[in-house]
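Just below is one structure, and these are the notes that go with it.
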2 protein chains.
Amino acid sequence: MISEAVQDYLKTIYKLQEDTGVVSTSALAEAMEVAAASVTGMVKKLASLKLVRHHPYQGVVLSKAGEKMALEVIRHHRLLELYLAEALGYSWDKVHEEAERLEHVISEEFEEKIFEALGRPTRDPHGDPIPAKDGTVVAAEHDRLSDLEPGATGVIRQVSDSDAEVLRYLGTRGLVPNAPVEVLEKAPFNGPVTVKTRETSHVLGRDLAQHIRVETRPEDET
Amino acid sequence: MISEAVQDYLKTIYKLQEDTGVVSTSALAEAMEVAAASVTGMVKKLASLKLVRHHPYQGVVLSKAGEKMALEVIRHHRLLELYLAEALGYSWDKVHEEAERLEHVISEEFEEKIFEALGRPTRDPHGDPIPAKDGTVVAAEHDRLSDLEPGATGVIRQVSDSDAEVLRYLGTRGLVPNAPVEVLEKAPFNGPVTVKTRETSHVLGRDLAQHIRVETRPEDET
DNA sequence: ATAATTTTTTAGGTGAGGCTAAAATAATCT
DNA sequence: AGATTATTTTAGCCTCACCTAAAAAATTAT
Ligand SMILES: [Mn+2]
Ligand SMILES: [Mn+2]
Ligand SMILES: [Mn+2]
Ligand SMILES: [Mn+2]
């Protein structure tokens, strides 16, 4: 069986790969909160298991098999997040931490049961796509709110789930997936972005606005 | 933090202690499916953590703190079993295995949420009592069906959850907690027990009948 | 009461997944 | 280009939870 450590490495490599293509030892070490030397050791193991390709000093890339396993874990994680929110009434800033532990221990039957109970969903509470069983993922990369210009309108599609504080803040302000937004102002020198949602308007620091992804030409709106 | 291994040892010691009082190294080794030497090692660790008292060559007994932790894990396990059965439609022969892994990773919040969702239950699907948060457990030891004499009537209260095969067999026959039973015959020389439930009667081997616990003077019946 | 047997502990090892410190390699600056 | 700095790998250790084989203690049989 594949250990939890291996699962976490694969998941993390997958996510880093989305941004940067090839993943460096130091990036992986930082994301895993582990010493760089430990990463080198694990990367060798992953390579010997044919889960990654490793070119020493150059970084690491998931193999087909590694990507499949990564997606499997991510599927568990996101289904769990949604289940915790929908079925157990978790607030959206707490689901991540709980899912982080559960994702490694649920059976395929459990996965299947919650998938059906949720009506075969495709998005987690933060708007991230839930990989399908066959390894398909909807790509759909949207613009960061921080990159939009005044006048732009659209619908929030994703909110980064990495920081619980941020989620709590945005949640109370209604800045959640499927909320419509309009950019009113964007102050220069990395200044705040002013956005209007249904009724109220909000002034968000540029860092915060980076966490929000907006679909500017909404095809459908919920 | 307390490791999963420690949690499993405490849980197992608790269960063995229910039958035998003090728990021997070999009994623990067999239950944990581990070499006796490994048990000695872990027992020393548990003793140093003040979770058990160990008199070398004499066996081991849970301390107050150890018992509290054991009950905590058992509470998780039984709440999970019930939740899997009630909320996710698991069959009662599969809940044990899944709960065995989940019990170690759920948070107190998760525990609380499923406890409330289930209506603050006191019994798991096999009829075993769910320890309360404060460490209270309903004792209620009932007679084994194999020990009853012909003519005895009562209500099934517990079915041993150790063997999935047994559970499947009993389940299809309606021999589940809260089913009324009457002992019709008991063949000598460890022969089978014939029991009548609502309509049908069943002939059960003595070994099988041992797995079923019956309350002979039912106070209330569901 | 001794001897034989069983149970438990000790001694020494293994593999996973971490760590720090030092060496090797790559990238950047002057 | 050569020196400096940053990144990555190697070397050597550690802890946890397991293992087998041997020694020690307790129990049971003669
Ligand atoms: Mn799965
Ligand atoms: Mn998420
Ligand atoms: Mn608990
Ligand atoms: Mn049970």
Side-chain angles (χ1 to χ4, degrees), chain A residues 1-14 16-17 19-62 65-66 69-70 73 100-101 103-105, chain B residues 1-17 19-62 66 69-70 73 100-101 103-105:
Chain A
M1 247 319 280
I2 240 61
S3 70
E4 293 193 11
V6 167
Q7 291 180 21
D8 280 331
Y9 272 93
L10 293 175
K11 190 176 65 163
T12 305
I13 294 168
Y14 180 90
L16 293 174
Q17 220 174 264
D19 306 338
T20 57
V22 70
V23 177
S24 72
T25 298
S26 48
L28 195 41
E30 189 188 341
M32 294 288 300
E33 299 185 315
V34 132
S38 307
V39 169
T40 302
M42 178 57 91
V43 158
K44 284 182 162 181
K45 180 185 185 164
L46 296 177
S48 82
L49 292 170
K50 306 270 190 222
L51 297 172
V52 302
R53 260 161 294 133
H54 181 220
H55 299 285
Y57 292 98
Q58 302 287 108
V60 87
V61 182
L62 289 177
M69 278 196 190
V73 180
E100 200 64 29
R101 282 169 286 114
E103 64 187 10
H104 304 295
V105 304
Chain B
M1 246 318 281
I2 241 60
S3 70
E4 292 195 12
V6 167
Q7 291 179 20
D8 280 332
Y9 272 92
L10 293 175
K11 190 176 67 163
T12 304
I13 294 169
Y14 180 91
K15 285 182 180 168
L16 293 174
Q17 221 174 263
D19 307 338
T20 58
V22 69
V23 178
S24 72
T25 298
S26 48
L28 195 41
E30 189 189 342
M32 293 288 301
E33 299 185 321
V34 131
S38 307
V39 169
T40 302
M42 178 56 92
V43 158
K44 282 182 163 182
K45 181 185 185 164
L46 296 177
S48 83
L49 291 170
K50 305 272 190 219
L51 297 172
V52 301
R53 261 161 293 134
H54 180 219
H55 299 285
Y57 291 99
Q58 302 286 108
V60 87
V61 181
L62 288 177
M69 278 197 189
V73 180
E100 201 62 27
R101 282 169 285 114
E103 63 187 10
H104 304 294
V105 305

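Computed from heavy atoms alone, side chains included, the values below leave out hydrogens, waters and symmetry copies. Here is the naming used below: chain letters follow the sequence lines, and residue numbers restart at 1 for every chain.
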Residue list, side-chain contact (heavy atoms from CB on, under 4.5 Å) with [X], at least two apart or on another chain:
{"X": "A:Met69", "result": "A:Ile2, A:Leu10, A:Leu51"}
{"X": "B:Ser3", "result": "B:Ala5, B:Val6"}
{"X": "A:Ala37", "result": "none"}

Item checked: For A:Glu100, all residues meeting salt bridge (Lys or Arg N to Asp or Glu O under 4.0 Å), sequence neighbours excluded ->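 Applying salt bridge (Lys or Arg N to Asp or Glu O under 4.0 Å) to A:Glu100 gives A:Lys11.
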Next item on the list: Could you run through nucleotides 7-18 of chain D and give me one letter per nucleotide, 5' to 3': B if any protein heavy atom sits under 4.0 Å from the base, S if only the sugar-phosphate is that close, - if neither?
Entry: -BBB-----SSS
Notebook entry, point to check: With distance as the sole criterion, is a donor-acceptor pair present between the side chains of A:His104 and A:Gln7 under 3.5 Å?
Noted result: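 Side-chain D/A pair, A:His104 to A:Gln7: present.
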Margin query: Would you say that A:Val39 contacts A:Tyr9 through its side chain, given a criterion of any heavy-atom pair below 4.5 Å between the two side chains?
Written below: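 Yes; the side chains approach each other to less than 4.5 Å.
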Next item on the list: Answer yes or no: does atom NZ of B:Lys15 have more than 12 heavy-atom neighbours from other residues, nucleotides or ligands under 6.0 Å?
Entry: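 Above 12, so yes.
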Margin query: With a strict under 4.0 Å distance from non-hydrogen atoms of chain B, what nucleotide opens and what nucleotide closes the contacted stretch of DNA chain C, reading 5' to 3'?
Written below: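 On DNA chain C, the outermost contacted nucleotides are C:dT8 to C:dT10.
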